[in-house]
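Report on the following structure.
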Amino acid sequence: MRETRNISWVKTARKDFEEFPDDVQVDMLDALTVAAEGALSGKAKPFKGVNGGVFEIALRYRGDAFRTIYAVKIGSDIWVIHAFQKKSKSGIKTPQADVDLIRERLKRLKEALK
């Protein structure tokens, strides 16, 4: 039996996540729990904006799109590095500003955990 990993949060990601509707938070936390147990939720997929080990949970709720980005290869925990409501009108692609923010947070987190 595998050990369940801890879920840790970048502080601003947690704050943003807590502003999501309650139903979205519950579904996202379920998907994060699956990740912590060593599997991939059907709601998660690899995040293409960075190198491997980073995943995106994407949910639609009442016409809005919510995203949570987490990393599995930084330390022993699952790290939630970004949570946001997608407002882009350019289709399903993650806005470049969010991709840049995710890269920066990954970099800082890796440095902090060395």
Side-chain angles (χ1 to χ4, degrees):
M1 183 167 179
R2 294 183 95 168
E3 249 184 70
T4 301
R5 297 166 69 183
N6 289 325
I7 300 170
S8 295
W9 298 76
V10 169
K11 188 176 182 178
T12 51
R14 182 64 185 225
K15 182 178 171 247
D16 293 339
F17 180 85
E18 289 173 349
E19 293 178 11
F20 288 180
D22 290 343
D23 290 344
V24 173
Q25 289 185 44
V26 168
D27 286 350
M28 293 269 186
L29 288 171
D30 287 346
L32 287 168
T33 300
V34 170
E37 293 171 347
L40 184 64
S41 166
K43 296 173 184 164
K45 63 182 181 183
F47 182 71
K48 296 179 182 173
V50 297
N51 290 334
V54 179
F55 295 86
E56 171 182 40
I57 303 166
L59 296 176
R60 294 200 59 75
Y61 179 77
R62 295 187 178 172
D64 292 322
F66 295 89
R67 304 284 187 264
T68 298
I69 311 295
Y70 67 93
V72 297
K73 293 185 178 180
I74 301 176
S76 60
D77 293 357
I78 302 290
W79 277 93
V80 178
I81 53 178
H82 191 37
F84 62 103
Q85 181 177 349
K86 186 171 168 292
K87 298 182 188 227
S88 171
K89 304 291 185 221
S90 61
I92 63 170
K93 187 172 180 172
T94 302
Q96 188 61 45
D98 286 302
V99 173
D100 293 342
L101 180 62
I102 291 162
R103 286 183 180 144
E104 181 61 28
R105 286 184 181 172
L106 275 170
K107 180 182 169 190
R108 280 189 269 143
L109 185 59
K110 286 177 183 176
E111 289 171 357
L113 295 176
K114 281 185 182 176

* Do side-chain atoms of Arg105 reach the backbone of Val80 as a donor and acceptor pair under 3.5 angstrom? ->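 No, the answer is negative, given that no donor and acceptor are paired below the 3.5 Å cut-off.
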* Taking the side chain from Arg67 and the backbone from Glu56, do they hold a donor-acceptor pair closer than 3.5 Å? ->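 Absent.
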* To do: Just jot down the ring-ring contact (aromatic ring centres under 6.0 Å, His included) partners of Phe17, sequence neighbours excluded, or say none.
  =>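 Partners of Phe17 under the ring-ring contact (aromatic ring centres under 6.0 Å, His included) test: Trp9, Phe20.
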* Pair listing, salt bridge (charged side-chain N to carboxylate O under 4.0 Å, His left out) test, anchored in residues 7-18, at least two apart ->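 Only Arg14-Glu18 qualify under salt bridge (charged side-chain N to carboxylate O under 4.0 Å, His left out).
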Specify the closest pair of heavy atoms between [X] and [Y], including all atoms of both residues, with the distance to one decimal.
| X | Y | answer |
| --- | --- | --- |
| Arg5 | Gly75 | NH2-O, 3.7 Å |
| Ala44 | Ile57 | CB-CG1, 4.1 Å |
| Ala65 | Arg60 | CB-NH1, 3.6 Å |
| Thr4 | Glu37 | OG1-CG, 3.8 Å |
| Lys73 | Gly52 | CD-O, 4.4 Å |
| Ala83 | Ala13 | CB-O, 3.7 Å |

* Asked: Within a strict 4.5 Å, meaning less than it, do heavy atoms of the Ile78 and Asn6 side chains meet?
  ->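 With C-beta onward as the side chain, the pair stays apart.
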Residues that [X] engages under side chain to side chain contact (heavy atoms under 4.5 Å, CB included), provided they are two or more places apart:
| X | answer |
| --- | --- |
| Asp64 | Phe66, Gln85 |
| Ile74 | Ala71, Trp79, Leu106, Leu109, Lys110, Leu113 |
| Arg103 | Val50, Gln96, Val99, Asp100 |

Do the side chains of [X] and [Y] join up, straight or via other hydrophobic residues, at under 4.5 Å, putting them in one cluster?
| X | Y | result |
| --- | --- | --- |
| Val24 | Tyr70 | yes |
| Tyr61 | Phe84 | no |
| Leu29 | Phe55 | yes |

When rounded to the nearest 0.5 angstrom, what distance separates [atom1] in [X] from [atom2] in [Y]?
| X | Y | atom1 | atom2 | answer |
| --- | --- | --- | --- | --- |
| Ile69 | Ile102 | CD1 | CD1 | 4.0 Å |
| Asp27 | Gln25 | CG | CD | 10.5 Å |
| Leu59 | Thr68 | CG | OG1 | 7.5 Å |

* Taking it one step at a time, do Lys45 and Phe47 satisfy side-chain contact (heavy atoms from CB on, under 4.5 Å)? -> CA-CA 6 Å; Lys45 63 182 181 183; Phe47 182 71; over 6 Å; no
* Asked: How would you list, by chain and number, every residue that makes a salt bridge (charged side-chain N to carboxylate O under 4.0 Å, His left out) with Glu104, sequence neighbours excluded?
  ->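 Testing Glu104 for salt bridge (charged side-chain N to carboxylate O under 4.0 Å, His left out), a comparison that skips the adjacent residues, returns Arg108.
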* Residues His82, Val10; criterion side-chain contact (heavy atoms from CB on, under 4.5 Å); working and verdict -> CA-CA 7 Å; His82 191 37; Val10 169; over 6 Å; no
